[in-house]
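Pasting a structure below so you can have a look.
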Amino acid sequence: MTKTKDDPNKVLNTEFNHYLFNTGNHRRAYEFMGAHLIEFEGKKGVQFTVWAPNAQNVTLAGDFNNWGYEEMFPQGSTGIWTCFLEGLGENVLYKYRIRRHDGYEFLKADPYAFYSELRPNTASIVKDLDGFKWTDGNWRGRSKRVPVNEKPMNIYEVHLGSWKRHWDGTFFTIEEYTKELIPYVKEMGYTHVELMPLMEHPLDDSWGYQITGYYSMTSRYGDPKDLMAFVNECHNEGIGVIMDWVPAHFCRDAHGLLLFDGTPTYEYQDPNKAANNRWGTTHFDYGKPQVHSFLISNALFWMDFFHIDGLRVDAVSAMLYLDYDDGPWTPNIYGGNTNLEGVDFLKKLNTVIKEEYPAALMIAEESTAFPLISHEIEKGGLGFTHKWNMGWMNDILRYFELDPLYRKHHHNLITFSFMYVFNENFILPMSHDEVVHGKNSLLNKMPGDETMKFRGLRTLITYMMCHPGKKISFMGNEIAQWMEWRFREGLEWIGLKHENHRKHQHFVKVLNTIYKDHKALYEIDDSYDGIDILDADNKEESLFTFIRKGKNTRDFLLVICNFVPVERHGVKVGVPFEGQYEEILNTELKEYGGTWDYSQNVYQTKDEIMNGKDFSLEVTIPPLSVLIIKPKRIKGAK
């Protein structure tokens, strides 16, 4: 093994890379930072490169030198250190030994490592990511042809550590998920799968949200190329892949980013801005151009190497507000609480992603009323494609947790969302956050006995599916899991031995299919052209009726919601055209776990003005249910 001092980076165009990196404009810093298998002057080995601008000295330690010292060389005044070691290959373990200016030394994992040891071990691992043969060209081509807001998006959110586990408690591997999860998602009719953070993290309890290895797929589930194969298979089965991404903060474990070179490197120097007291983590400093290069390169890395279709950006509120956390905070230069650097970073991030991957999804998990999250940057927005509708989620769950006797007094919880439903390109979430920490599963949030709980859950998810906005639902919701989510074990698949749970799973599959098969439910999700509210004011009977519409005048569905367990007879609802209408869903049928043997299949209009429409239908609505009715043979629609 030999090492080279003489400009070992020149094979990777060092000066230009260093300039872009230090000005915050390197979009793919991972191409030269970290550990790379290269051939230099006819010699094969590994080049190691790290940014440690305030270190007195940096050396390389690993299993190849008994965790000793291999000298690394500073690259002028760039803050970058590098060396090339001949004879090293893939799967070598390594860390950087950093010496502070006071002489104190410590080991750090590589921020740009492509792979890492399984916890509790913390070394970085040399890994070659090249060579995977992708076969998803058709999927990637199709994704560019139709605007994302005009396509169905029904996302299945998955925590890989607890979807299923082996009998002995060990994790399923990505290979096993390729064989089991993908067919399940396809059979159930979801359009996308969203994977909770896949980057390396030291603590299982963080669910992946407190990260040490941003470029390193967690070793819990297998090898990076296994993940490539998983995404490739998803695409070939018509399933998009979204990944949770955490650019707001990082964990404080000693081997991670915290005080990387002995000084605030990736984080703010101001402790009020750096510390996230609520989560016990540390915020990135968006004023540093090198942090821009690190994070934007990371977002592109997952799209470049793993063909990820989009990112759900976690904790955006913590990036937008200086006082979002508990404890003291430092105002911005104007005395306000907006993190101006965070705002600028998000605009830059979304600009770059749109330029590089125009069809990519950029989804903001943002819980405040910060304006124009999903609007174009040129029009004053932040440039995200979508935002989670946390307000809708909180209102709707509050409503459904009420005893139905009192729902008429809180009817506004159902209708208020229509005051702002198109302010953003919303996704309606029923996520992991709502079924953990003592909040109960969705089924157990419903009041009443078992029959009532299942009725309520069917009504909730059907109303969600018909409400404007894309959808996301956490794993386990579709089998009506009794217990709230427990991340240390698999879902309650044993529940499917019971008829109610099997029927509920079947119901979700049918509902997902109806959603995908009817443009009225997804084609116009961003304007009032996609909905016609017929009656939002019937709080005494807790009824709510509306029409969802597609671009074609014949593409519409009548939705009638009964939010209390009282059967309603002779209910008249307006429809826009004369003719016959047919029922495509009654949530109270026995087939789905309800009590009705049959339902009226075809309705004939009456020449009676109702709800501002020229014609009407008269229907009977089962207790605590939703009816979806579509035109069959109508006159006047083009």
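Here, residue 1 is the first one in the sequence, and each next residue gets the next number.
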Between W139 and H235, how do the two ring planes meet: parallel, tilted or perpendicular, split at 30° and 60°?
->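 Ring orientation, 0 to 90° scale: parallel.
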Salt bridge between E578 and R633, side-chain N to carboxylate O under 4.0 Å?
-> no
Is there a donor-acceptor pair under 3.5 Å between the side chain of E194 and the backbone N or O of I155?
->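 Side chain of E194 to backbone of I155, a donor-acceptor pair under 3.5 Å: no, none is there.
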Are any of the side-chain nitrogens in D525 or R548 under 4.0 Å away from the carboxylate oxygens of its partner?
-> yes
Quick check: are there more than 12 heavy atoms from other residues, nucleotides or ligands sitting under 6.0 Å from CD of E175?
->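 Counting other residues, nucleotides and ligands, CD of E175 stays at 12 neighbours or fewer.
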Taking atom types as modelled and ignoring hydrogens, do the side chains of T513 and D517 form a donor-acceptor contact shorter than 3.5 angstrom?
-> no
Is a donor on one side and an acceptor on the other found under 3.5 Å between the side chain of N425 and the backbone of H386?
-> no
Under the side chain to side chain donor-acceptor pair (under 3.5 Å) rule, collect the residues that match up with H569, sequence neighbours excluded.
-> E567
Side chains of S417 and H467: is there a donor and an acceptor less than 3.5 Å apart?
->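 Short answer, yes.
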D433/K439 ion pair, N-O < 4.0 Å =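 No, this pair does not count.
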Tell me whether the guanidinium CZ or amine NZ of R407 lies under 6.0 angstrom from the six-membered ring centre of F400 and within 45° of its axis.
-> yes
Taking the six-membered ring for Trp, is the centroid-to-centroid distance between F422 and Y528 below 6.0 Å?
-> yes
Hey, does the side chain of H307 reach the backbone of M303 with a donor-acceptor pair shorter than 3.5 angstrom?
->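 No; zero donor-acceptor contacts below 3.5 Å.
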Does the side chain of D304 come under 3.5 Å of the side chain of Y357 through a donor N or O and an acceptor N or O?
-> yes
Does the side-chain contact (heavy atoms from CB on, under 4.5 Å) test come out yes or no for I363 and F384, once each step is laid out?
-> CA-CA 6 Å; I363 302 165; F384 285 96; 6.0 Å; no
Working for ring pair (Phe, Tyr, Trp, His ring centres under 6.0 Å), residues F418 and F416 | CA-CA 5 Å; F418 290 94; F416 179 67; over 10 Å; no
Heavy-atom closest pair, residues D537 and D535 |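 Taking every non-hydrogen atom into account, N-OD1, 3.0 Å.
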Side chain proximity check, I242 to L361, heavy atoms < 4.5 angstrom = yes
So, are R486 and E489 salt-bridged, with charged N and O less than 4.0 Å apart?
->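 So R486 pairs with E489 through a salt bridge.
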Can a cation-pi geometry be assigned to R312 and W388, taking NZ or CZ under 6.0 Å from the six-membered ring centre and within 45° of the ring axis?
-> yes
Decide yes or no on side-chain contact (heavy atoms from CB on, under 4.5 Å) for L491 and K164, but give the supporting numbers first.
-> CA-CA 6 Å; L491 297 178; K164 281 188 178 180; over 6 Å; no
Any donor-acceptor N or O pair under 3.5 Å, side chains T178, E233 = no
Under 30°, 30 to 60°, or over 60°: which ring-plane class applies to H504 and F507, parallel, tilted or perpendicular?
-> tilted
Determine yes or no for a side-chain-to-main-chain donor-acceptor pair under 3.5 angstrom, with E157 supplying the side chain and H432 the backbone.
-> yes
Donor-acceptor contact present, side-chain E434 to main-chain S431, <3.5 Å =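 No: the side chain of E434 does not pair with the backbone of S431.
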Between R502 and L496, is there a donor-acceptor pair closer than 3.5 Å when you use the side chain of the first and the backbone of the second?
-> yes
Establish, from distance only, whether the side-chain atoms of E366 and T368 form a donor-acceptor pair under 3.5 Å.
-> yes
Evaluate the criterion side chain to side chain donor-acceptor pair (under 3.5 Å) for residue pair Y603 and E583; output intermediate values, then yes/no.
-> CA-CA 8 Å; Y603 300 87; E583 188 179 281; 3.0 Å; yes
Short question: side chain of N389, backbone of M393 - any donor-acceptor pair under 3.5 Å?
->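 Between the backbone of M393 and the side chain of N389 there is no qualifying donor-acceptor contact (under 3.5 Å).
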If the plane angle is over 60° it's perpendicular, under 30° parallel, otherwise tilted; pick one for F546 and F544.
-> tilted
Distance only, no hydrogens: is a donor on one side chain within 3.5 Å (strictly under) of an acceptor on the other, for Y522 and E150?
-> no
For the pair N232 (side chain) and T135 (backbone), establish whether a donor and an acceptor sit closer than 3.5 Å, ignoring hydrogens and angles.
-> yes
Describe, in one word, how the ring planes of H501 and W482 are oriented to each other, choosing from parallel (under 30°), tilted (30 to 60°) and perpendicular (over 60°).
-> perpendicular
Is it true that a side-chain atom of N444 and a backbone atom of S441 form a donor plus acceptor pair closer than 3.5 Å?
-> no
K590 to W596 six-membered ring, cation-pi geometry met (6.0 Å, 45°) | no
Please test W207 against H159 for side-chain contact (heavy atoms from CB on, under 4.5 Å), starting from the C-alpha separation and ending with a verdict.
-> CA-CA 8 Å; W207 316 330; H159 175 253; 4.3 Å; yes
Charged N-O contact under 4.0 Å between E523 and K551 | no
Going by distance alone, is a donor N or O of one side chain under 3.5 Å from an acceptor N or O of the other, for S625 and N586?
-> no
